[in-house]
There are 4 protein chains.
Amino acid sequence: MQTETTAPVPGEGSCAPRRGRPRSEAAEQAIVASVERLMEEGSGLTELSIERIAAAAGVGKATIYRRWPNKEALLVDVLARLEQMPVPPHAGATVRDSLIAMVDDIRRRGLAKRSRWVLKTALGQLDSWPELRVLYKEKVIKPRRELARQIIRRGVEEGVLRDDLDVDLLTEMVVGPILIRTVLWEDAPLDDEGLAERMVDAVLTGAGVRPSGGESH
Amino acid sequence: MQTETTAPVPGEGSCAPRRGRPRSEAAEQAIVASVERLMEEGSGLTELSIERIAAAAGVGKATIYRRWPNKEALLVDVLARLEQMPVPPHAGATVRDSLIAMVDDIRRRGLAKRSRWVLKTALGQLDSWPELRVLYKEKVIKPRRELARQIIRRGVEEGVLRDDLDVDLLTEMVVGPILIRTVLWEDAPLDDEGLAERMVDAVLTGAGVRPSGGESH
Amino acid sequence: MQTETTAPVPGEGSCAPRRGRPRSEAAEQAIVASVERLMEEGSGLTELSIERIAAAAGVGKATIYRRWPNKEALLVDVLARLEQMPVPPHAGATVRDSLIAMVDDIRRRGLAKRSRWVLKTALGQLDSWPELRVLYKEKVIKPRRELARQIIRRGVEEGVLRDDLDVDLLTEMVVGPILIRTVLWEDAPLDDEGLAERMVDAVLTGAGVRPSGGESH
Amino acid sequence: MQTETTAPVPGEGSCAPRRGRPRSEAAEQAIVASVERLMEEGSGLTELSIERIAAAAGVGKATIYRRWPNKEALLVDVLARLEQMPVPPHAGATVRDSLIAMVDDIRRRGLAKRSRWVLKTALGQLDSWPELRVLYKEKVIKPRRELARQIIRRGVEEGVLRDDLDVDLLTEMVVGPILIRTVLWEDAPLDDEGLAERMVDAVLTGAGVRPSGGESH
DNA sequence: CGGTAAACGAGACGGTACGTCGTGTCTTGAC
DNA sequence: GTCAAGACACGACGTACCGTCTCGTTTACCG
């Protein structure tokens with residue numbers, strides 16, 4: 001921890017002139033990097049101890065506790081910044097393209113070990129860990145859902161998506177399959193480039209056979 | 001822990017005459033009951049400590065470790081017996097009814113706190129906890145998937161479901177939406193009796209509007 | 001810590017049947033021995049950390065905290081058992097012999113590093129550390145003082161010691177010089193076998209010249 | 001810490017023109033005053049932390065470390081200036097008066113909490129804290145002892161004190177009792193104005209009864 | 001019916017991590 | 001160049017839990 005430059009409080013706007021020695025941005029990055037590395041190495045929640053993180057980052061425990069009130073908050077912060085939404089609101093020209101882009105973004109995230117760790121570990125703690133629940137909802141679920149909502153609403157307006165279902169149900173139909181494959185069915189491959197497209201098409205068309213020809217069933 | 005009767009090792013066939021005092025079945029039930037109760041009270045994996053479980057069950061720690069090698073094994077066992085498949089293979093006459101029955105079974109389980117705990121907590125530990133992964137796959141995922149596979153195969157044979165998609169994708173389309181609502185979108189209600197039916201119909205029909213003029217079904 | 005035998009709570013009479021695994025006497029001895037060894041090696045109060053003691057004794061920290069509520073209590077206990085009064089109440093036939101025995105006991109203790117550590121460190125904490133003060137007074141000062149009081153009272157009764165001074169002042173006159181040499185004047189030798197005798201005689205006779213011959217000064 | 005005037009380094013002659021902002025004398029005084037106040041409030045060595053001192057003095061920690069290399073040096077410095085010898089070498093006309101003055105000086109110091117803190121805390125650290133030992137010996141013990149030595153030597157020359165005992169033993173006989181009362185026997189009162197006189201007389205006369213018939217003095 | 005073997009509750013054992021606090025050093029902007 | 005403020009690496013504090021190990025007691029079976 002030699003070169004140290006100014007860094008404000010993690011997720012806080014500059015509130016005051018910040019007297020005293022500023023917090024080391026290098027320390028912060030080292031901490032986050034250590035957490036991510038340990039996640040990638042397959043550590044569970046227990047193995048991800050503050051002492052291990054501090055040792056791996058070459059940082060004192062107090063430097064971590066100065067920024068985050070406890071282990072949970074640190075992990076929440078790390079996963080929040082991993083799960084930010086860098087997807088442009090409408091990545092595609094058509095609604096179908098937008099949906100494919102969204103699904104494919106989830107798929108690509110699922111390929112990264114860190115992100116899968118986040119998704120799965122966070123999920124398991126949502127009940128017993130209210131802060132994580134709030135933050136996860138605010139930072140991960142909400143923007144994602146908002147994006148889905150926008151796309152779907154556009155799709156409904158354009159007459160591409162059904163208007164007799166509420167938006168939540170539509171969202172679940174689009175997002176559910178890929179998330180299930182990410183989280184639950186680990187054998188199922190995620191490295192299939194065309195997966196998102198096939199999935200979206202299947203969801204748009206439906207699982208039932210089309211009444212092609214004229215009559216259904 | 002007054003009345004104690006004979007009880008064999010949890011998942012083990014009677015191998016020997018079992019000399020000495022037999023294991024207390026009451027102790028075993030008390031342990032499992034305590035775990036379930038603590039789950040319902042919203043304890044996370046950390047709060048579910050062996051010491052807490054033993055104290056709540058009025059049982060010595062050794063009595064737990066005599067039955068299960070570690071905390072994980074105990075939880076896995078409790079999970080497994082919560083998630084057994086009591087669903088009749090084909091609960092409905094038609095394929096649609098069978099799908100609705102399956103989805104509704106998941107929905108009803110999601111209403112129970114214990115089951116949601118299992119689903120979510122287990123999910124979060126699948127990576128870092130290999131025993132749980134194996135057992136969960138074997139005891140929960142596999143039978144459920146097998147059931148879905150049977151129904152879907154029948155649906156494909158009967159011409160009710162598309163045959164141009166692989167079974168996994170079809171399964172995800174059916175199961176994904178309800179699971180997502182169970183695990184992730186806690187605000188979304190699960191106590192809607194008609195939810196499973198609407199979901200299955202929506203998935204069968206698809207999210208997109210039917211291109212051809214006219215009504216379906 | 002292989003061989004473990006029963007040991008009751010340190011300074012407590014057997015109050016109850018003591019359920020559960022009894023405390024390891026070996027652990028207790030190892031802890032006390034480690035403290036004494038660290039004292040002899042010249043550690044100060046800061047160097048005498050619980051973590052160091054536990055490591056040196058091959059013992060977990062909890063094993064220490066199970067017996068003593070904090071570091072101070074442990075040290076108090078160790079010093080108390082170092083400073084116990086093994087001196088027979090009247091080690092000598094005459095009052096002078098008893099006094100010499102008492103003073104020589106203090107001298108011999110002062111030769112031991114541990115005891116000097118105790119005396120000096122304890123002294124320095126008597127003000128700010130009420131528990132130590134109470135215990136030290138009760139276990140060290142009081143019996144010692146009581147012994148001195150007995151001897152002196154006998155001396156006064158036998159007409160060997162002055163009766164126009166209160167007992168405390170007389171005690172101080174006898175005990176003060178040797179304690180000062182022990183605690184404060186480290187250059188002054190304590191390994192002089194005849195020191196106690198000379199001291200007692202000097203104190204009995206007084207620092208002033210005797211009015212030998214008949215007239216004084 | 002408002003008014004700040006020039007102050008040289010504590011125990012250092014002005015060596016250079018001292019460029020830059022001069023050190024605040026007020027800060028120095030505030031530090032020393034805080035230490036003394038904390039001593040009086042009964043803080044032990046542990047409670048006397050640099051952070052507490054700095055906070056109490058309204059001063060940054062660096063301001064302390066700029067003047068003293070560590071906590072020990074600071075305390076030694078404060079101790080030394082508390083224990084300076086303001087006693088005139090021969091406060092009395094006769095040897096007895098000088099001894100009484102010396103003893104009474106110790107008694108009066110013992111009444112002050114700070115001084116007793118010094119005496120007792122310093123005592124406890126002499127072994128494990130070499131700097132304190134050297135300084136304490138040099139600044140406190142040595143001058144005091146030198147004074148005692150002078151008085152006693154005069155007493156021996158004048159035939160008032162015994163000449164068959166070495167000076168150290170005589171010093172211990174005079175100084176021991178009052179120090180013991182100061183340090184060890186806290187119940188014993190120190191606010192007795194005539195205590196020093198009675199003590200000196202007792203020590204001069206001796207604890208034993210005079211064998212010859214008649215009165216002394 | 002008495003012996004024996006194992007399970008029982010309780011709880012101590014050596015470890016590891018927690019979150020807090022103090023040390024002595026370093027680094028800001030202000031004076 | 002000093003000031004107040006406070007972050008830094010380090011390490012001890014006292015607590016909680018892990019999985020193992022005794023204790024003394026209880027409860028079956030077997031000879």
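In this text the structure is predicted, and so the values were computed from the model without any measurement.
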Report task. Figure out the CZ/P separation between Arg19(C) and dT26(F), and round it to whole Å. Result -> 10 Å

Please set out all donor-acceptor pairs under 3.5 angstrom arising from side-chain atoms of residues 49-60 of chain B, sequence neighbours excluded.
unit_1, atom_1, unit_2, atom_2, d
Ser49(B), OG, Arg52(B), N, 3.2
Glu51(B), OE2, Lys61(B), NZ, 2.9
Arg52(B), NE, Glu47(B), O, 2.9

Report summary line: Rounded to whole Å, CZ of Arg67(D) lies from C1' of dG1(F) at a distance of 12 Å

**Report entry** Candidate pair Met39(A) and Val78(A), rule side chain to side chain contact (heavy atoms under 4.5 Å, CB included), full reasoning
**Finding:** CA-CA 10 Å; Met39(A) 283 179 178; Val78(A) 172; 4.3 Å; yes

**Report entry** Step-by-step side chain to side chain contact (heavy atoms under 4.5 Å, CB included) determination, Ile64(A) to Lys71(A)
**Finding:** CA-CA 9 Å; Ile64(A) 298 182; Lys71(A) 185 169 74 164; over 6 Å; no

**Report entry** Separation of atom CD1 in Ile64(D) from atom P in dG6(F), rounded to whole Å
**Finding:** 15 Å

Report summary line: So CG of Asn70(A) and OH of Tyr65(A): to nearest 0.5 Å the spacing works out to 7.5 Å

Query raised in the report: Just to confirm, is there a sub-4.0 Å distance from OP1 or OP2 of dA9(F) to any side-chain nitrogen or oxygen of Thr63(A)?
Result: yes

Query raised in the report: Charged N to carboxylate O below 4.0 Å: is that the case for Arg67(B) and Glu28(B)?
Result: yes

Report summary line: Rounded to whole Å, CD of Glu25(A) lies from P of dC8(F) at a distance of 12 Å

Query raised in the report: Want to settle it: does Gly60(C) or Gly20(A) sit nearer the 5' end of DNA chain E, counting the closest nucleotide to each?
Result: Gly60(C)

Query raised in the report: What nucleotide, of dC13(E), dG14(E), dA7(E), holds the atom closest to the side chain of Ser24(C)?
Result: dC13(E)

Write down the protein N/O and nucleotide N/O pairs, taken from nucleotides 22-26 of chain E, whose separation is under 3.5 Å; answer none if there are no such pairs.
unit_1, atom_1, unit_2, atom_2, d
dG22(E), OP1, Arg52(D), NH2, 3.1
dT23(E), OP1, Ile50(D), N, 3.0
dT23(E), OP2, Ile50(D), N, 3.1
dT23(E), OP2, Glu51(D), N, 3.2
dG24(E), OP2, Tyr65(D), OH, 2.6
dG24(E), O5', Tyr65(D), OH, 3.3
dG24(E), N7, Lys61(D), NZ, 3.1
dG24(E), O6, Lys61(D), NZ, 2.9
dC26(E), O2, Arg21(A), NH1, 2.8

Report task. Go through the structure and list residues passing side-chain contact (heavy atoms from CB on, under 4.5 Å) with Glu40(B), not counting sequence neighbours. Result -> Lys113(B), Arg114(B)

